[in-house]
Amino acid sequence: MTERELLELLVDKVTSMEEKVRRVEESQIRMEDELVAKVKALFDAREVQLDVNDRVLDSLSRIEGKLDRLSLKVAYHDSMLKELSKA
């Protein structure tokens, strides 16, 4: 093999390696972009879930308050019925 042929072979190999490095870099950039999008989606989903949890806790608190008031009312009516049944 002549020097010129070796040089051309070397240039071809370097060009091929540069192309492979470029493809790897593009792939890495694409994967990083996808990862960022997925992390953002997870964060958004977490925020939505926290809002839902807050609404559920508020609803439960209101229901507990209503149950407490109804319990007091039922206890009052029970005591009134016992008083009336004694009479």
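This is a predicted model, so every value here is computed, not measured.
Residues passing the side-chain hydrogen bond (donor to acceptor under 3.5 Å, both in side chains) test with Glu32 are Gln28, sequence neighbours excluded. Applying the side chain to side chain contact (heavy atoms under 4.5 Å, CB included) test to Glu3 and every residue at least two apart in sequence or in another chain returns nothing. Judged as a side chain to side chain contact (heavy atoms under 4.5 Å, CB included), and not counting sequence neighbours, the contacts of Val39 are Leu35.
Here Lys82 contributes atom NZ and Leu84 contributes atom CG; the two are 12.5 Å apart, rounded to the nearest 0.5 Å. Residue Leu70 holds its CG atom at 11.5 Å from CD1 of Ile63, rounded to the nearest 0.5 Å.
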Atom pairs and distances, donor-acceptor, side-chain atoms in residues 42-57, under 3.5 Å, two or more places apart:
from: Gln49; atom 1: NE2; to: Asn53; atom 2: OD1; distance (Å): 2.8

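Here the side chain of Ser85 pairs a donor or acceptor atom with the backbone of Leu81 at under 3.5 angstrom.
Classification of Glu34 and Arg30 as a salt-bridged pair holds, one side-chain N sitting under 4.0 Å from a carboxylate O.
Pairs engaging residues 12-21 under the side-chain hydrogen bond (donor to acceptor under 3.5 Å, both in side chains) rule: Glu19-Arg22 [sequence neighbours left out]. For residues 63-78, no residue pair satisfies the side-chain hydrogen bond (donor to acceptor under 3.5 Å, both in side chains) rule, not counting sequence neighbours.
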